[in-house]
Protein chains: 6
Amino acid sequence: MTELGVVRRKIKRANRSAVEALGRYGVATVHEAMGRVGLMKPYMRPIYPGALISGTAVTVLLHPGDNWMMHVAAEQIEAGDIVVAALSADCVDGFFGDLLATSFKARGAKGLIIDAGVRDVKTLTEMGFPVWSKAVSAKGTVKATLGSVNIPVVCAGALVNPGDAIVADDDGVVVVPAAAAQKTAEAAAAREANEGDKRAKLASGVLGLDMYKMREPLEKAGLKYVD
Amino acid sequence: MTELGVVRRKIKRANRSAVEALGRYGVATVHEAMGRVGLMKPYMRPIYPGALISGTAVTVLLHPGDNWMMHVAAEQIEAGDIVVAALSADCVDGFFGDLLATSFKARGAKGLIIDAGVRDVKTLTEMGFPVWSKAVSAKGTVKATLGSVNIPVVCAGALVNPGDAIVADDDGVVVVPAAAAQKTAEAAAAREANEGDKRAKLASGVLGLDMYKMREPLEKAGLKYVD
Amino acid sequence: MTELGVVRRKIKRANRSAVEALGRYGVATVHEAMGRVGLMKPYMRPIYPGALISGTAVTVLLHPGDNWMMHVAAEQIEAGDIVVAALSADCVDGFFGDLLATSFKARGAKGLIIDAGVRDVKTLTEMGFPVWSKAVSAKGTVKATLGSVNIPVVCAGALVNPGDAIVADDDGVVVVPAAAAQKTAEAAAAREANEGDKRAKLASGVLGLDMYKMREPLEKAGLKYVD
Amino acid sequence: MTELGVVRRKIKRANRSAVEALGRYGVATVHEAMGRVGLMKPYMRPIYPGALISGTAVTVLLHPGDNWMMHVAAEQIEAGDIVVAALSADCVDGFFGDLLATSFKARGAKGLIIDAGVRDVKTLTEMGFPVWSKAVSAKGTVKATLGSVNIPVVCAGALVNPGDAIVADDDGVVVVPAAAAQKTAEAAAAREANEGDKRAKLASGVLGLDMYKMREPLEKAGLKYVD
Amino acid sequence: MTELGVVRRKIKRANRSAVEALGRYGVATVHEAMGRVGLMKPYMRPIYPGALISGTAVTVLLHPGDNWMMHVAAEQIEAGDIVVAALSADCVDGFFGDLLATSFKARGAKGLIIDAGVRDVKTLTEMGFPVWSKAVSAKGTVKATLGSVNIPVVCAGALVNPGDAIVADDDGVVVVPAAAAQKTAEAAAAREANEGDKRAKLASGVLGLDMYKMREPLEKAGLKYVD
Amino acid sequence: MTELGVVRRKIKRANRSAVEALGRYGVATVHEAMGRVGLMKPYMRPIYPGALISGTAVTVLLHPGDNWMMHVAAEQIEAGDIVVAALSADCVDGFFGDLLATSFKARGAKGLIIDAGVRDVKTLTEMGFPVWSKAVSAKGTVKATLGSVNIPVVCAGALVNPGDAIVADDDGVVVVPAAAAQKTAEAAAAREANEGDKRAKLASGVLGLDMYKMREPLEKAGLKYVD
């Protein structure tokens, strides 16, 4: 049961080198390596193009219009973490701006994933502090009600446990459970190794129909060619 | 980590009498008794007004355009269950219609919660088989890919573990973790007992400002009356 | 400039008999009589079909996730009023339920228009207390921050001044400035008188093309008939 | 190429008895019988529950905020037709109300399908004139620009040719090309005949897993049962 | 009451130097300095990143699919103005393109805020004429119906009076009533002065928890730390 | 009637030089030259700014969550084609990524228009392979069900026949029927010739009111100037 008013200080973070490895492959490859689960909804968009980060999740549960817990979360950040902010109900206010970003960055955070709004995007872009969010909004928030830090949360449709590995890039955000980080990094590596070869063949004009041997199953399924 | 291709046959269901008790209070009261967590997103709407059900979750994870696992889920239903269907990615096809409803009902299901589309709503209404869904759509689905049954799923933004208590009515759908069902039912009962009194006072014209003693805190917060 | 933390106790309400007259014509006719302005966005839907109300606006400005001001607004209600609740930022929490409805009704309110969520819709339906809202949600709210009562607000895209006439039915919600209520009621009456005649002609098979003398302007505009 | 400013008076309507037959099966069954194509998007909803109509399409192309062509379309209606209104760009104004409904009904129309807004829904409900629309809105429209009548249109994502068979019910709206109406009606009949039997078996507790012989293909696909 | 068919030629513009000052702080700071009111909905997005403008509002009310009034508005533009275009009903057609931008720019306009669609975005970007809009659409509009120029309008949820100060940047659009421009500029300046200091502290690793003295109120509110 | 499981190998492509000419004018101008029809819905956005392509359509109909037909479509691509992918029901999975892009590019495709999601957008941007899509999503798809290639499809609200001319840029996507390509290119050229002159006049400060001689019709329509 979701606990409110709780901050968990000790969390088990995913293996650092596995997390770094995941960051080399990007979201689409990691998501495939996971068996196509763990992806946040596609409405989560980066505030600027080109960023690619991987890190371990510090989670925070916020209430609509209230960002008090973001300050509590800041203290729990270790170098290499990514803050993952979930909401108890939909809200697109700007829960995060340049001051919090300065603080998060000073603590070692690599970025923010927030199922709500963000503001000061120009400054955040200049700082090189990437954020994936549901919206951009200048609307500020109050500091009046307790959420929690480092409890399991649902962020943009994905379950995130504190310490899970997070990978985010232009394609979106994927969550890898801490216990699966190493295995997923290996699966991603294998997949990637495989892709260079395929790419070269396709670039030379070989068709996927032939490379993946699809002609027979397509015919079996009933595909008909007409002129 | 979300497992694909798995059916868990033995699940620990929430205490039956607690689940029944929850059904007496409705979603808004249960959600308050939970401390305002566990609610599915408000886009989940009933296909007809007036239904109120409580039961234990049999969960199913589906892929876009594919309802094969619904048939697998049917076998895992026990009397008093509610099927909770989550999607691996957004899709509003009609994954469920009158034939599946006939089967689910015969197995003892009290209703369906589905983060996707449903069809045959006229017949389902006549059958009295309630469904809370994201959409109504006549679009059928194929039976080609494996999801899972009775694994933890995220449905309409809420985490649902198999066996959790589910309450659904015109206000939406709330999830109560199995271990918290009894305590929540008691909190809901206490809350409800309390409400009759308040309602009578308010009906007689007493203001919430006075009944809840809000005048002083409002003044302290700086509220000003002008003519 | 929108004032926060203010309650205006004396407001100039639209002429009562004009407001009652507006209620006889319904939203579409009143909106036409206004010259096609003043309509709230079509996402505002009634919680049950068939209600038609007219009244004078008591306005309230709320913040996301906070319904404190609803209790303050209750005290300002006079018989024949309709409460119009606007939000400082988008939020679909359930700001209003059966207890507040009991209080509003006891004070003489005819209904609620809220650019956010509502809950306890089954009970509200049984009470016959109509609500037009953006969403239905069981999600409760806190009581922590000051908004205002009886200031000008923008609700669902429409400007509402305290005391303005409000008409709401299955077609939506329209706002008539207090000073224009009488004139608009007369224009609506004239329009309505006119419609009975037209309806009878159309029912007899006469075409709008002929009744409205559209054939010539259509031809001028270049319309071509082909077989 | 979409022609503007054109009214086609002679259209080839789908076979009347086939159209009537289609109306006996409803949208979900007809859509299946079509091979799962021809469905309008699920945002098209009926203004009141329980209506089921089938008829032949009189199409009309409208521009945002302008319903002039609806009057032109009225003249082209024959008994048994359903008017299908498409928009040249998204708009949710109320293009249609009780006066046009009176006229359409007098001409023999069975209902309206409109990829935009409708108003006077209470009166339309009382008249028993069903409408499937994208929105309800009291916002009126002008009569200033030419669209066309009885040209091919795309309505809510579906291509509709004048004369095509349309079936609409609580599940949505499906389009059957005129030339395919007879064959589709037969396929629907065959499908329906088949369903009574299945329904009885499922009601008796037989599982779809067994009835459809799914256990073997599921096992082959790798499904695993765990306790 | 919203007047249609009216052009107000003499409007009282906000103090020029105050408006310029507001432009130095950006939307988020100005919005805070206003007390968190006056923000347009976050769906209003710039057509290219990095623009920051402030100016005085020339307002225009348009009808769906009709941009005639834009040409009327052009004549009312003075150097330093920003055109704010509101719609009488939702529409995302492209009401504005490179020709109108050329004209607006020649008249001295600094940009356009439009609660609808815009087109020719590549050319507008090359011209450096910034637009904040709800959508991008190539769909053209007609010139057939009268709206108004320089009347109070509701644009993207915010009330705008002609002459009000407008600030727009990557975070959105905020409206400052003309009479409040000077005071708001001062409040923004004070706020900004204050922020440099905070930023330096946070950058050095000081926590907001300590800098804002939040630990005590958090403890009072019941926050619990667990390991 | 939409055929499933069919690949048409011989299609009549729009005249190559007409298609190239269309590409010189961009979407807004071509759409005007068409008489304001043929535009896809404005939710279709380019994955990177600045691209402008024209080509001939190879169409493909996909089912939710299944991109098998994309491989079949690859074989039908000729140099200068643009692949137009439609969905049988709404789905935002990532149907297309860098491998398919490599293959399409090798076959001579100029870009992809897809009424669904796309992934690997960073790589696609680096490759300079433009895509207009409804969403960006890393979610992969299966290869299990038959759609069709080179049949008429409805993509983002527009009817596309194989061989039609497609123009896409920052303003969106427009479809020109093959038979109308030449005529439309000529109309676009005429329009464009006309625009340079207008632009120069407007840039010099001449008002559209005077250039288009609107003052008289505006006065006739009742426009009033007040001070």
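No experiment lies behind these values; they were computed from the predicted model shown. Residue numbers start from 1 in every chain, and the chains themselves are labelled A, B, ... in the order their sequence lines are given, proteins ahead of strands.
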Between D:A203 and B:A106, what is the shortest heavy-atom contact and its length?
-> O-CB, 3.5 Å
Using a cut-off of under 4.5 Å for heavy-atom pairs, which of D:K201, D:M214, D:E32 has the most such pairs with chain B?
-> D:M214
Would a distance-only check, ignoring hydrogens and angles, find a side-chain to backbone donor-acceptor pair under 3.5 Å from B:K122 to D:G50?
-> yes
Region of B:D98 that comes under 4.5 Å of a non-hydrogen atom in chain D | side chain
Residues B:K139 and D:L39: closest non-hydrogen pair is N-CD2, 3.4 Å
Structural part of D:Y212 lying under 4.5 Å from a heavy atom of chain B | side chain
Locate the shortest heavy-atom distance separating D:P42 from B:S137; write the atom from each residue and the value.
-> CB-CB, 4.0 Å
Turns out that what part of B:Q76 lies under 4.5 Å from chain D's heavy atoms comes down to side chain
Chain D heavy atoms under 4.5 Å from B:T141: which part of the residue, side chain, backbone, both or neither?
-> backbone
Chain D contact via B:K105 - which portion, at a heavy-atom distance below 4.5 Å = neither
Over all heavy atoms of both residues, which pair between D:G222 and B:L146 is shortest? Give the atoms and the distance, please.
-> C-CD1, 3.7 Å
Could you go through the side-chain contact (heavy atoms from CB on, under 4.5 Å) check for B:V72 and D:Y225 one step at a time?
-> CA-CA 10 Å; B:V72 177; D:Y225 286 83; 3.7 Å; yes
Do D:R36 and B:V142 have side-chain heavy atoms sitting under 4.5 Å apart?
-> yes
If we only count heavy atoms from C-beta on, is the B:R107 to D:L207 side-chain gap below 4.5 Å?
-> yes
Would you sort out whether D:L218 and B:H71 count as a side-chain contact (heavy atoms from CB on, under 4.5 Å), showing the intermediate values?
-> CA-CA 11 Å; D:L218 282 165; B:H71 293 277; over 6 Å; no
Interatomic distance, CZ@D:R199 vs CE@B:M127, rounded to 0.5 Å, equals 8.5 Å
Closest heavy-atom contact between B:W68 and D:A221?
-> CZ3-CB, 4.2 Å
Proximal component of D:P217, with respect to chain B [non-hydrogen, under 4.5 Å] | both
Straight-line distance of B:I11 CD1 to D:D227 CG, nearest 0.5 Å | 12.0 Å
Go through the atoms of B:L99 and report whether side chain, backbone, both or neither lie under 4.5 Å from a heavy atom of chain D.
-> both
Does any heavy atom of chain D fall under 4.5 Å from the side chain of B:M69, the backbone, both, or neither of them?
-> side chain
Chain D heavy atoms under 4.5 Å from B:R119: which part of the residue, side chain, backbone, both or neither?
-> both
Please say whether more than 12 non-hydrogen atoms of neighbouring residues, nucleotides or ligands are located less than 6.0 Å from CD in D:E186.
-> yes
Side chains of D:D170 and B:V136 in contact at under 4.5 Å (non-hydrogen atoms) | no
